[in-house]
K.L.:
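Please find one structure pasted underneath; my questions will follow.
Keep in mind that what you see is a predicted model, and the values were worked out from it rather than measured.
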Amino acid sequence: MALHRRRYHYYNHLRSLLPLISAVSGVLLILFGLLSILAPSPTVSDSFRHPRRDYSSNVGADVAIGEPVFRVPSTGGRLGHDVWTSRNSKFYYGCSNASKNFANAGTITQRDRYLLIATSGGLNQQRTGITDAVVAARILNATLVVPKLDQKSFWKDASNFADIFDVDWFTKSLSNDVKIIKSLPRRRGKAWTPHNMRVPRKCSERCYQNRVLPVLLRRHAIQLTKFDYRLANKLDTQLQKLRCRVNYHALKFTSPILKMGKTLVHRMRMKSKHFIALHLRYEPDMLAFSGCYYGGGDRERGRTSWMISTLSICEIRNPDKERRHGKCPLTPKEVGLMLRALGYGSDVHIYVASGEVYKGEESLAPLKALFPNFYTKETIAKKEELEPFSSFSSRMAALDFIVCDESDVFVTNNNGNMARILAGRRKYFGHKPTIRPNAKKLYRLFLNEGNITWDVFVSKVRSYQRGFMGEPKEVRPGRGEFHENPHTCICEDSEAKAKKDSGPRKYGKGYNVTGEDSTNDDLNVDDEPELSEPDNDGDQEGTLEDDPLNGTGLDYEGFNSEEPELEEIVSD
């Protein structure tokens, strides 16, 4: 009976508490609902949360095992500077005018000396040859015949010089420096066949005078074949300035190319005040030629083997070693992560200059997720607008060149010819930001991206990229190809610099780095595999050198179907 009374008392007590329990539960449900509404939604970049994964696996895929620690925000974070400008560019300007002592072409050009050039490679490789051809003609006191463009390279573009460059502007603007004619004159009423010969790579002024001039005096007309990188880095200051006058002022695209290129730039500007141009260089053939491996299995290995056998490359390179040494392009995803870490948010507009992308949309998906405002010339121009150019690879490359040159920030994913030319050009015209990935250090960072937080990743990327952002004097004068680092043609406004509140930090003997958070470039100088050391005087037979893709003697942008040649002089 007592037990029955205790149970009855317990049930009555429980019934009395039910309204209180219900009220508390209701309050908790309401609070939970409010938190669900007010909590921020996941960003597009949440798909990049993942743990450690094999680097050679499909970089576009997420891994669903392990505890994710790497969450990419949609914004670029806080920075102490403007990501769209070079903070010290106002103190430097391009200067390439000839000195008063530089004799006029009319007084030095000798009769019966004609120099012809057969360029080699794609558009930008040929551009280096054209620039150097003018200087070679000046050294030889010869008349230059408008250079022939390579029509037998990988792309088999049948364009002539006048199809791409304004030939009249070219000859007129250089008339004080070198006499230029459009074709070789007839000799005794008959067509004149010039004598073919080849000079070593990086041939110096003395080299041309000792090796080429004697043949020219006997033959009167010579054609230098495969003319790319056949002029030394180190030249007299006035000859270096002539190089700059050719490259940055005399070589102007034809009106149709300029008009279409400016139209593409205008359409990008209509979409956003600022935009990035990315030279992706992630085409299947580019990757195969580079000797790198991106998880494509037997099909990718087969393409690499075909490229090697076709080009007669003697050695199959180790993909892991190439990547460790910074010789491999970043994947589209890695480029996107680098840019986000450098402060570029998901609202940034990106123009991508690229051909067929390896694995197509599968590779591009992570980059597009990070930067949904993603454009190419094909997406911002109608098919009929591009039709006059689409059958000619050099003219299509010229359109990309214009957009990349006019962009607020240019990002290059390898150190090929277009990257070099544009890097030098952007330095000359105001040091517009030009980002070169420090691939050697970034490789190690991407290996561990699943094991570090986003804040740590950002800190390391920004540290590794110091010296790789296109700031003035990042690269020592004389280091690298002159076309990439035209230091002779860049002058300093010392008065404006003297007025700057904070003084520059010392950078070794006779060199300063400006900028509020610049660090000693020596920290990153060993991670610049793309920049070759200054050459010697060039007065000897060369070897397979000057190769941004590890010793083949060729650059993918302009490789030919012929086997790489050992440098030789074809004598009389």
Side-chain angles (χ1 to χ4, degrees), residues 117 119-131 133-134 146-151 153-174 180 182 228 244-271 275 277-281 283 351-355 375-408 410 412 416-426 428-429 432 483 557-558:
I117 299 294
T119 62
S120 179
L123 173 66
N124 296 289
Q125 190 169 335
Q126 293 184 86
R127 188 180 185 117
T128 64
I130 295 167
T131 299
V134 174
V146 170
K148 293 181 181 179
L149 301 189
D150 185 357
Q151 299 178 341
S153 64
F154 181 76
W155 294 271
K156 294 180 171 56
D157 189 322
S159 299
N160 294 314
F161 186 100
D163 296 320
I164 297 175
F165 300 106
D166 186 332
V167 65
D168 292 327
W169 173 263
F170 178 72
T171 56
K172 181 180 178 181
S173 62
L174 294 171
I180 303 174
K182 294 183 179 180
D228 61 329
C244 295
R245 290 197 293 279
V246 180
N247 202 357
Y248 307 134
H249 299 285
L251 277 177
K252 184 170 71 172
F253 291 121
T254 59
S255 293
I257 293 175
L258 276 178
K259 183 178 179 181
M260 189 65 233
K262 296 292 184 182
T263 298
L264 296 176
V265 173
H266 175 71
R267 289 174 184 172
M268 288 300 298
R269 294 279 179 220
M270 292 293 288
K271 296 177 184 297
F275 73 93
L278 166 62
H279 192 211
L280 193 55
R281 294 321 302 269
E283 297 90 351
Y351 176 94
V352 176
S354 176
Y375 307 96
T376 64
K377 56 182 174 291
E378 289 80 9
T379 63
I380 60 175
K382 297 177 182 178
K383 185 176 180 180
E384 52 267 28
E385 289 179 307
L386 295 176
E387 190 173 355
F389 315 96
S390 58
S391 299
F392 304 93
S393 60
S394 291
R395 299 179 209 186
M396 292 290 275
L399 297 179
D400 279 337
F401 184 98
I402 292 170
V403 181
C404 291
D405 185 36
E406 293 287 338
S407 66
D408 299 281
F410 174 57
T412 170
N417 291 300
M418 180 170 169
R420 292 180 181 185
I421 292 289
L422 277 170
R425 183 178 176 86
R426 289 170 69 87
Y428 183 84
F429 289 108
K432 292 186 289 185
H483 299 288
E557 184 171 354

K.L.:
Working to the nearest 0.5 angstrom, can you tell me the gap between Lys148 NZ and Ile117 CD1?
P.N.:
11.0 Å
K.L.:
How close do Leu123 and Ser394 get, heavy atom to heavy atom, and via which atoms?
P.N.:
CD2-O, 3.5 Å
K.L.:
Where is the tightest heavy-atom contact between Thr131 and His483, given as atom of each residue plus distance?
P.N.:
CG2-CE1, 3.9 Å
K.L.:
How would you list, by chain and number, every residue that makes a salt bridge (charged side-chain N to carboxylate O under 4.0 Å, His left out) with Asp408, sequence neighbours excluded?
P.N.:
Arg269
K.L.:
Taking side chain as C-beta onward, heavy atoms only, is Lys182 less than 4.5 Å from Asp168?
P.N.:
yes
K.L.:
Say you draw a straight line from CZ of Arg420 to CZ of Arg127; how long is it, rounded to the nearest 0.5 Å?
P.N.:
15.5 Å
K.L.:
In chain order, what residues pass the disulfide (SG to SG under 2.5 Å) check against Cys404, with sequence neighbours excluded?
P.N.:
none
K.L.:
Hey, could you give me the OG/CD1 distance between Ser159 and Ile257, rounded to the nearest 0.5 Å?
P.N.:
7.5 Å
K.L.:
Under a 4.5 Å cut-off applied to non-hydrogen side-chain atoms, are Leu149 and Ile130 in contact?
P.N.:
yes
K.L.:
So do the side chains of Thr379 and Thr376 get within less than 4.5 Å of each other, counting heavy atoms only?
P.N.:
yes
K.L.:
A side-chain contact here means heavy atoms from C-beta on lying under 4.5 Å apart; do Arg425 and Phe410 qualify?
P.N.:
no
K.L.:
Compare every heavy atom of Phe429 with every heavy atom of Tyr248, then report the nearest pair and how far apart it is.
P.N.:
O-CZ, 3.6 Å
K.L.:
Would you check if Phe275 and Val403 make a side-chain contact, meaning some heavy-atom pair closer than 4.5 Å?
P.N.:
yes
K.L.:
So do Lys377 and Met260 actually touch side chain to side chain, heavy atoms under 4.5 Å?
P.N.:
no
K.L.:
Say you draw a straight line from CG of Leu251 to OG of Ser173; how long is it, rounded to the nearest 0.5 Å?
P.N.:
8.0 Å
K.L.:
Would you please name every residue forming a side-chain hydrogen bond (donor to acceptor under 3.5 Å, both in side chains) with Arg245, sequence neighbours left out?
P.N.:
Asp177
K.L.:
Any donor-acceptor pair under 3.5 Å linking the side chain of Asp157 with the backbone of Ser393?
P.N.:
yes
K.L.:
With sequence neighbours excluded, what pairs up with Phe165 under the ring-ring contact (aromatic ring centres under 6.0 Å, His included) test?
P.N.:
Phe161, Phe253
K.L.:
By side-chain hydrogen bond (donor to acceptor under 3.5 Å, both in side chains), which residues pair with Lys252, not counting sequence neighbours?
P.N.:
none
K.L.:
Got Thr254 and Asp163 here, is their nearest side-chain heavy-atom distance under 4.5 Å?
P.N.:
no
K.L.:
Show, in sequence, the C-alpha distance, side-chain angles and deciding distance for Leu422 and Asp405, and conclude whether the side-chain contact (heavy atoms from CB on, under 4.5 Å) test is met.
P.N.:
CA-CA 6 Å; Leu422 277 170; Asp405 185 36; 3.6 Å; yes
K.L.:
Work out which heavy atom in Leu386 is nearest to a heavy atom in Ala381; give both atom names and the distance.
P.N.:
CG-CB, 4.0 Å
K.L.:
What is the distance from atom OG of Ser390 to atom CZ of Arg395, rounded to the nearest 0.5 Å?
P.N.:
10.0 Å
K.L.:
Who pairs with Lys271 by salt bridge (charged side-chain N to carboxylate O under 4.0 Å, His left out), at least two apart in sequence or on another chain?
P.N.:
none
K.L.:
Any side-chain heavy-atom pair from Met270 and His266 closer than 4.5 angstrom?
P.N.:
yes
K.L.:
Using every non-hydrogen atom in the two residues, find where Trp169 and Ala250 come nearest and quote the distance to one decimal.
P.N.:
CD1-O, 3.1 Å
K.L.:
Run the numbers on Asn160 and Gln151 for side-chain contact (heavy atoms from CB on, under 4.5 Å), then give the verdict.
P.N.:
CA-CA 8 Å; Asn160 294 314; Gln151 299 178 341; 2.9 Å; yes
K.L.:
Could you report the tightest heavy-atom contact between Ser354 and Asp400, atom names first, then the distance?
P.N.:
N-OD2, 4.2 Å
K.L.:
Please tell me whether Asp150 and Gln126 have a donor and an acceptor in their side chains that are separated by less than 3.5 angstrom.
P.N.:
no
K.L.:
For side-chain contact (heavy atoms from CB on, under 4.5 Å), just list the numbers for Ile421 and Phe401, CA-CA rounded to whole Å, side-chain angles, deciding distance to a tenth of an Å, and then say yes or no.
P.N.:
CA-CA 10 Å; Ile421 292 289; Phe401 184 98; 3.7 Å; yes
K.L.:
State the CG-OG1 distance between Leu174 and Thr171, to the nearest 0.5 angstrom.
P.N.:
8.0 Å
